[in-house]
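The next block holds one structure in the form of structure tokens; read it before the comments.
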Amino acid sequence: MLPHYTPELFKSLRKGYSKQKFTQDLMSGLIVGILALPLAIAFAIASGVGPEKGLYTAIIAGFAISFFGGSRFQIGGPTGAFIVIVYGIVAKYGYDGLATATLMAGVMLVIFGVAKLGGVIKFIPFPVTVGFTAGIAIIIALGQVPNFLGLQFGAGVSEPADAIGKLALYAKSLMTTNVFSVLIGVVALAICLVWPKITTKIPGSLIAIIVATVIVKVLGWDETHGVMTIGSKNSIPTGFPVPHLPNISLDMMRQVFQPALTIAILGAIESLLSAVVADGMTGTRHRSNTELVGQGIANVLSPIFGGIPATGAIARTATNIKNGAVSPISGLVHAVILLLIMLIFGKYAEMIPMAALAAVLFQVAFNMCGYKNFVKLVKGAPKSDVTVLLVTFALTVVMDLTIAIEVGVLLAAIFFIRRMSDVAEVECVTQELQEHDEELADPNNIASRQVPQGVAVFEIMGSLFFGAVEKFKTALDMTSSHPKILVLRMRQVPSIDAAGIQMIEGLLMKCRAQGTQLLLSGVHSQPIVALSKAGVLRDIGEQNVLANIDAALNRAREILGLPIVAAAPTTPSVDWERNVQQPWVPENANAKIAEETTEVIAETISETQAMDIPKVLDKKDTFHSMMNKIFPWMKK
């Protein structure tokens with residue numbers, strides 16, 4: 001079913017795996033496993049679930065991502081990006097709703113990979129990514145304020161999911177601030193900031209948590225001064241989780257479909273971004289579609305073992321590389337190390353102060369906020385991109401991550417369409433551009449041609465799509481004359497959509513009503529195929545679709561009964577006009593059409609059929625016979 005899917009683990013082993021490489025992976029996996037311990041616990045608690053679910057996710061999903069993924073160095077597990085969405089799902093639907101959404105997201109990710117959408121995910125607009133990432137960082141930091149300050153809420157009071165509600169509750173509870181919790185948090189945060197300057201071999205977050213835990217237990221602050229620890233609210237199991245399917249219902253699947261899609265998209269973005277970072281650090285290349293399949297499998301397995309959503313973690317992946325990893329084996333080792341720590345030292349982890357975890361998450365939030373990119377975009381990006389950035393950021397903080405991504409992508413698409421329509425132009429070159437400097441410098445310019453009386457030449461510049469069609473209609477309607485022949489130059493139209501096809505059809509009908517003959521000149525491969533499929537070329541007449549302006553003007557002379565002018569071959573106007581001795585002869589000019597349009601042909605026929613398309617066509621082949629060879633079902 002998946003002939004092109006082979007996990008990177010198997011590819012690495014086939015290339016040869018030595019004892020030395022295993023030693024490197026073992027040491028790297030050990031260090032990354034230790035680093036992942038406090039992060040897995042912190043992310044889980046911040047997401048509104050127990051710490052054990054973070055550990056289960058790091059173990060099960062982390063192992064699966066390394067085993068099934070398409071990146072050699074990827075380390076997977078729970079990440080800060082999921083905190084906001086997971087917290088919201090748990091607050092509204094409980095863990096069963098989260099497990100259902102995670103399973104659905106896993107299936108979606110597998111479908112993304114099988115459908116080869118790994119490259120498409122990369123087209124999420126940059127301002128949207130920066131906006132919601134900064135928003136997530138703010139919410140992560142905001143959610144850790146109670147743990148850092150040791151705030152106590154009243155009995156039965158639950159913490160709101162929205163930022164404004166959180167701030168209001170925190171303001172009311174400031175009088176309950178625990179000075180000893182703040183002191184532990186400050187110490188832990190200072191260690192996180194200073195330790196990397198001493199060494200990067202051992203993670204600063206681990207040292208901060210160990211020091212904070214020792215201080216609290218030795219001085220007894222958890223008992224005498226009420227410093228909260230993980231064990232105060234949760235317990236970490238010392239056994240391996242038993243796999244079981246969560247309570248899944250069709251009604252629940254309907255309710256969590258939108259959050260599940262957000263998890264899938266967010267997981268795909270972060271995992272592929274992490275893989276790209278790894279490629280940049282190592283000079284290797286990941287396989288995005290295989291990586292998506294691996295991420296999907298991991299997110300299907302995670303809730304079965306009581307876990308939460310997982311994806312590739314940039315910080316842990318970078319640490320893995322810096323410590324000498326050479327294959328996905330290091331990721332497998334990291335998962336095994338976490339399992340051993342949980343089984344042997346799980347009870348000791350319950351002693352970790354919540355203020356120390358808050359300090360670690362403050363650092364995580366700062367590292368992921370991308371403030372440099374944020375400020376750079378605000379200062380130097382176009383106003384439309386700044387708008388998208390600020391709207392996405394505001395919606396993430398104030399409302400919901402799902403809404404923020406949807407609105408951000410929609411806004412970015414609208415602004416892009418507007419920009420594309422702004423750069424698109426259509427002008428009557430026989431009138432406006434005769435004396436234009438750029439037109440005169442063009443070897444294919446109309447000014448150097450003899451345009452017969454009664455012939456008008458219009459040129460379209462830019463993609464002919466729905467966002468620009470109205471501008472083309474307006475320009476065409478502005479001409480008050482009714483020429484005998486209208487030549488529409490399309491040499492600068494790389495693509496056309498349904499609205500563009502409709503515009504050409506409308507223009508053809510208008511020309512017929514006015515007694516004008518429509519000619520098309522310099523039509524590129526994608527428009528040719530699209531117009532042919534729609535039947536427009538048949539209505540215009542194959543003899544009226546020419547390769548370049550010389551052929552079009554000679555066709556106009558033929559219609560008007562004027563002698564044909566033999567023009568010297570010039571630079572081809574379109575990519576399919578090559579090796580033609582007489583480009584002004586319509587039969588020859590159309591012979592090479594769509595010769596190398598594999599990306600267009602793939603939209604209409606299978607790859608197998610596409611490979612059967614003849615690479616060399618006889619010069620005497622007409623356009624109609626050539627199209628029959630490409631699209632055999634059109635013969636009827």
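Hydrogens, waters and symmetry mates are skipped; everything else that's a heavy atom, side chains included, is used.
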More than 12 heavy atoms of other residues, nucleotides or ligands under 6.0 Å from CZ of Phe126: yes or no?
yes
How about Phe305 and Thr57: do any of their side-chain heavy atoms sit closer than 4.5 Å?
no
Output the distance between atom CG (Leu219) and atom CD (Glu223), rounded to the nearest 0.5 Å.
12.0 Å
Indicate yes or no for a side-chain donor-acceptor contact from Asn289 to the backbone of Leu117 under 3.5 Å, with no hydrogens or angles considered.
yes
Nearest 0.5 Å, please: how far is CD1 in Ile297 from CG in Leu109?
10.5 Å
Hey, what do you get for NE2 (His334) to CD1 (Ile59), rounding to the nearest 0.5 Å?
8.5 Å
Could you check Leu174 against Leu149 for side-chain contact (heavy atoms from CB on, under 4.5 Å), going step by step and ending with a plain yes or no?
CA-CA 8 Å; Leu174 277 178; Leu149 299 179; 4.2 Å; yes
Given the rule in the side-chain contact (heavy atoms from CB on, under 4.5 Å) test, do Tyr93 and Thr100 qualify, once you have shown the distances and angles that lead to the verdict?
CA-CA 10 Å; Tyr93 305 106; Thr100 302; over 6 Å; no
Applying side-chain hydrogen bond (donor to acceptor under 3.5 Å, both in side chains), which residue pairs with at least one partner in residues 134-153 are found, sequence neighbours left out?
Gln144-Asn147
Does a donor on one side chain sit under 3.5 Å from an acceptor on the other, for Gln363 and Asn367?
no
Where do Thr392 and Ile405 land on the side-chain contact (heavy atoms from CB on, under 4.5 Å) test, with the steps shown first?
CA-CA 7 Å; Thr392 305; Ile405 293 177; 5.7 Å; no
Between CD1 on residue Ile414 and OG1 on residue Thr387, distance to nearest 0.5 Å
12.0 Å
Side chains of Ser274 and Thr79, heavy atoms from C-beta outward: is any pair under 4.5 Å?
no
Looking at every heavy atom in both Gly76 and Ile65, which two are closest together, and how far apart are they?
CA-CD1, 3.6 Å
Examine distances only and state if a side-chain atom of Ser181 and a backbone atom of Thr177 form a donor-acceptor pair shorter than 3.5 Å.
no
Using atom types as modelled and distance alone, determine if a side-chain donor or acceptor of Asn320 lies under 3.5 Å from a backbone N or O of Phe73.
yes
Are Thr311 and Glu270 linked by a side-chain donor-acceptor pair shorter than 3.5 Å?
no
Ring of Phe366, cation from Lys372 - is the NZ or CZ under 6.0 Å from the centre and inside 45° of the axis?
no
For the residue pair Asn299 and Thr102, confirm or rule out a side-chain donor-acceptor distance under 3.5 Å.
no
Would you say Trp221 and Pro353 make side-chain contact, with heavy atoms under 4.5 Å?
no
Which salt bridge (Lys or Arg N to Asp or Glu O under 4.0 Å) pairs, counting each pair once, include a residue from residues 52-75, with sequence neighbours left out?
Glu8-Arg72
Judged by atom type as modelled, is there a donor-acceptor pair below 3.5 Å linking the side chain of Ser302 to the main-chain atoms of Ala298?
no
For Phe112 and Ala264, the nearest pair of non-hydrogen atoms, with its separation, is CE1-CB, 4.1 Å
Closest non-hydrogen atoms of Gln74 and Thr317, given as atom of the first, atom of the second and distance, are OE1-OG1, 3.1 Å
For the pair Val110 and Leu292, evaluate side-chain contact (heavy atoms from CB on, under 4.5 Å) and give the outcome as yes or no after the intermediate values.
CA-CA 6 Å; Val110 172; Leu292 290 181; over 6 Å; no
Rounding to 0.5 Å, atoms CG (Leu169) and CD1 (Ile164) come to a distance of 14.0 Å
Can you check whether Tyr56 reaches Met342 side chain to side chain, under 4.5 Å on heavy atoms?
yes
Examine distances only and state if a side-chain atom of Ser232 and a backbone atom of Met228 form a donor-acceptor pair shorter than 3.5 Å.
no
On a heavy-atom basis, the closest approach of Val409 and Pro125 is CG2-CD, 4.4 Å
Geometric class of the Phe63/Phe67 ring pair [parallel <30°, tilted 30-60°, perpendicular >60°]
parallel
Minimal non-hydrogen separation, Pro78 against Ala40, with atom names
CG-CA, 4.0 Å
Are any of the side-chain heavy atoms of Arg316 and Leu39 separated by less than 4.5 Å?
yes
Supply the atom-to-atom distance Ile75 CD1 to Leu332 CG, rounded to the nearest 0.5 angstrom.
8.5 Å
Taking the side chain as every heavy atom from C-beta outward, state whether Phe68 and Thr290 have any pair of such atoms under 4.5 Å apart.
no
Does any donor atom in the side chain of Thr229 or Asp222 lie under 3.5 Å from an acceptor atom in the other side chain?
no
Any donor-acceptor pair under 3.5 Å linking the side chain of Ser271 with the backbone of Ala268?
yes
Flag, side chain of Ser173 to backbone of Tyr170, donor-acceptor distance under 3.5 Å:
no
Between Ser327 (side chain only) and Ile329 (backbone N and O only), is there a donor and an acceptor less than 3.5 Å apart?
yes
Does the side chain of Leu357 reach to within under 4.5 Å of the side chain of Phe362, using non-hydrogen atoms?
no
Tell me if a side-chain donor or acceptor on Glu291 pairs with a main-chain N or O of Gly70 at a distance below 3.5 Å.
yes
Nearest heavy-atom approach of Thr396 to Ala404 is OG1-CB, 3.1 Å
So Phe132 and Val84, do their side chains get closer than 4.5 Å, heavy atoms only?
no
